[in-house]
Chemist: 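Just passing along the structure, written as structure tokens.
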Amino acid sequence: MRNLIDFFLKYNYWFLFVILEVASFVLLFRFNRYQQSAFFTSANAVVGAVYEISGSVASYFYLKSVNESLLERNMLLEQHIANLEKALEKSGLDSLSVHSIRYIPQTDYRTFKARVIKNSLNLMDNYITLDEGSSSGIRPGMGVVDGNGIVGIVYETSPSYSLVISALNSKSNISCKIVGSEYFGYLKWEYGDSQYAYLRDLPRHAEFNLGDTVVTSGFSTVFPEDVMVGTVDDMSDSDDGLSYLLKIKLATDFGKLRNVLVIARNGQHEQLELEKKAVIE
């Protein structure tokens, strides 16, 4: 207590100076309109700048949840488009029917959110590790997509993690077709540029053009029909000359993978067991 009193006595002139300064500023801004207006204008500018900075910081930390929501929304919109196209083929341009399609529940597939925690691009067989596993409902054989297109297929799972065979893997073999055509082939990656893969076994009588969109065919238990794959960049003949070999520019940027969706088809296990039984017999 003695030291505190000595401190105040030692610096009493400074304390008096501060008190008088504060009092003078209060009187100045309270009883003078111009100074009052200038004070509030400056204060509002400072407060606005502080709020803007704090808002930017808060938005940065919410980016993950925003990206996940956009990814989920993108997948839902793709399914809506697929439903609309199928309905238009069957029923024509009935606007009432088309409008009602948007409310058809997507009961054939379930999706699980996950985040990429490890990825490779430059190996012959590239794999991706996700931060979700069997405890979240993810199983081997499920498809993986991001907001742009296909990513790969789940290969192995543990309770907390999943290992995905990337589309950039020599073991990857995804059934795809060209939009507007029912002919399909198989997407294979050859060691090299991570932006490109090749669509093999497309029949020679299939019609297409450079720049056409390539999507999943739906002829498997892994991916739904019409999930984006990429666009036709170049074409050539296969080694045996019996089919086309198309160079596909992939829609997914594998160097920027972050948030993904794992797709589970209802009845997938039952179909696989039935097909396996037919092969054994």
Side-chain angles (χ1 to χ4, degrees), residues 78 81-82 85 109 119-128 140-156 163-257 260-263 265 268 271-272 274-276 278-279:
E78 286 185 357
I81 292 171
E85 290 176 346
Y109 293 89
N119 187 15
S120 63
L121 301 175
N122 302 316
L123 305 176
M124 179 64 73
D125 295 321
N126 295 289
Y127 291 89
I128 299 167
M142 292 181 177
V144 182
V145 301
D146 77 343
N148 298 309
I150 61 168
V151 171
I153 301 172
V154 177
Y155 180 60
E156 294 285 353
L163 185 65
V164 176
I165 295 179
S166 170
L168 308 180
N169 188 305
S170 64
K171 300 183 181 67
S172 177
N173 199 29
I174 300 172
S175 179
C176 302
K177 67 178 181 179
I178 298 174
V179 171
S181 169
E182 293 304 317
Y183 296 107
F184 67 95
Y186 295 93
L187 188 75
K188 297 285 292 183
W189 185 69
E190 296 182 1
Y191 178 72
D193 195 334
S194 63
Q195 293 182 319
Y196 296 92
Y198 291 87
L199 186 62
R200 297 179 175 275
D201 298 336
L202 192 71
R204 299 220 20 116
H205 53 276
E207 297 181 359
F208 61 88
N209 296 295
L210 296 182
D212 282 355
T213 301
V214 178
V215 297
T216 54
S217 66
F219 296 154
S220 73
T221 61
V222 180
F223 292 102
E225 186 178 5
D226 295 324
V227 176
M228 183 66 178
V229 174
T231 55
V232 179
D233 187 73
D234 198 2
M235 63 165 289
S236 60
D237 291 329
S238 61
D239 295 335
D240 58 13
L242 300 177
S243 60
Y244 286 120
L245 177 65
L246 305 186
K247 185 178 181 181
I248 307 300
K249 182 174 177 57
L250 299 173
T252 301
D253 188 344
F254 285 85
K256 295 182 179 180
L257 284 180
V260 297
L261 285 179
V262 181
I263 306 172
R265 178 181 175 183
Q268 179 186 41
Q271 181 178 344
L272 288 174
L274 182 61
E275 293 174 351
K276 187 185 298 182
V279 171

Chemist: Kindly indicate whether the side chain of R200, heavy atoms from C-beta on, has any atom under 4.5 Å from the side chain of L245.
Modeler: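 Touching, per the 4.5 Å side-chain cut-off.
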Chemist: Rounded to the nearest 0.5 Å, what separation is found between the CG atom of D253 and the OG atom of S194?
Modeler: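 Between atom CG of D253 and atom OG of S194 there are 7.0 Å.
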Chemist: Evaluate E190 against K247 for salt bridge (charged side-chain N to carboxylate O under 4.0 Å, His left out), listing each step before the verdict.
Modeler: CA-CA 10 Å; E190 296 182 1; K247 185 178 181 181; over 6 Å; no
Chemist: Measure the OG-CG distance between S120 and D125 for me, rounded to the nearest 0.5 Å.
Modeler: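 S120 OG to D125 CG: 9.0 Å, rounded to 0.5 Å.
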Chemist: If we only count heavy atoms from C-beta on, is the V151 to S166 side-chain gap below 4.5 Å?
Modeler: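 The answer is no, as the side chains (C-beta and beyond) never meet within the 4.5 Å cut-off.
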Chemist: Roughly how far apart are I150 CD1 and T216 OG1, rounded to 0.5 Å?
Modeler: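 The distance works out to 7.5 Å.
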Chemist: At their closest point, which heavy atom of A167 faces which heavy atom of F254, and how far apart are they?
Modeler: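 Of all heavy-atom pairs spanning A167 and F254, the closest is CB-CZ, 3.8 Å.
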Chemist: Which heavy atom of G149 sits nearest to which heavy atom of T252, and what is that distance?
Modeler: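 Minimum heavy-atom contact is C-OG1, 3.3 Å.
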Chemist: When rounded to the nearest 0.5 angstrom, what distance separates OG in S217 from OH in Y183?
Modeler: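 If we round to the nearest 0.5 Å, S217:OG and Y183:OH are 15.0 Å apart.
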Chemist: I'd like to know whether Y196 forms a side-chain contact (heavy atoms from CB on, under 4.5 Å) with I248, so could you lay out the CA-CA distance, the side-chain angles of the two residues, the decisive distance to 0.1 Å, and finally the verdict.
Modeler: CA-CA 5 Å; Y196 296 92; I248 307 300; over 6 Å; no
Chemist: With side chains defined as the heavy atoms from C-beta onward, is the minimum distance between Y191 and L168 less than 4.5 Å?
Modeler: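 Y191 vs L168: side chains apart.
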Chemist: Taking C-beta and beyond as the side chain, do N126 and W189 meet within less than 4.5 Å on heavy atoms?
Modeler: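 Result yes, sub-4.5 Å side-chain heavy-atom pair found.
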Chemist: My understanding is that only one of T213, V179, V214, I178 makes a side chain to side chain contact (heavy atoms under 4.5 Å, CB included) with F208; could you say which?
Modeler: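 Looking at T213, V179, V214, I178, the match for F208 under the side chain to side chain contact (heavy atoms under 4.5 Å, CB included) is I178.
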Chemist: Could you check whether any side-chain heavy atom of V144 comes within less than 4.5 Å of a side-chain heavy atom of I153, counting everything from C-beta outward?
Modeler: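 Contact flag for V144/I153 side chains = no.
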Chemist: In terms of ring plane angle, is the pair Y127 and Y155 parallel, tilted or perpendicular, where the classes change at 30° and 60°?
Modeler: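 Tilted, since the angle between the ring planes falls between 30° and 60°.
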Chemist: Considering only heavy atoms from C-beta outward, does the side chain of L250 approach that of L187 to under 4.5 Å?
Modeler: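 Yes, close enough: below the 4.5 Å cut-off.
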Chemist: Looking at every heavy atom in both K188 and S170, which two are closest together, and how far apart are they?
Modeler: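 Closest approach of K188 to S170: NZ-O, 2.7 Å.
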Chemist: Could you check whether any side-chain heavy atom of I174 comes within less than 4.5 Å of a side-chain heavy atom of V222, counting everything from C-beta outward?
Modeler: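 A side-chain contact under 4.5 Å is absent here.
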Chemist: Please report the interatomic distance OG1(T231) to CG(D212), rounded to the nearest 0.5 Å.
Modeler: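 It comes to 9.0 Å.
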Chemist: Cation over ring, K177 on F184, under 6.0 Å and within 45°?
Modeler: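 Pair K177/F184 does not count as cation-pi.
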Chemist: What's the spacing between I128 CD1 and L163 CG if we round to 0.5 Å?
Modeler: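 Output value for this atom pair is 9.0 Å.
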Chemist: If you look at every heavy atom in L199 and C176, which pair is closest and at what distance?
Modeler: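 Minimum heavy-atom contact is CD1-CB, 3.8 Å.
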Chemist: Quick one, L246 and D234 - any side-chain contact, counting heavy atoms below 4.5 Å?
Modeler: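 Answer no - side chains too far apart.
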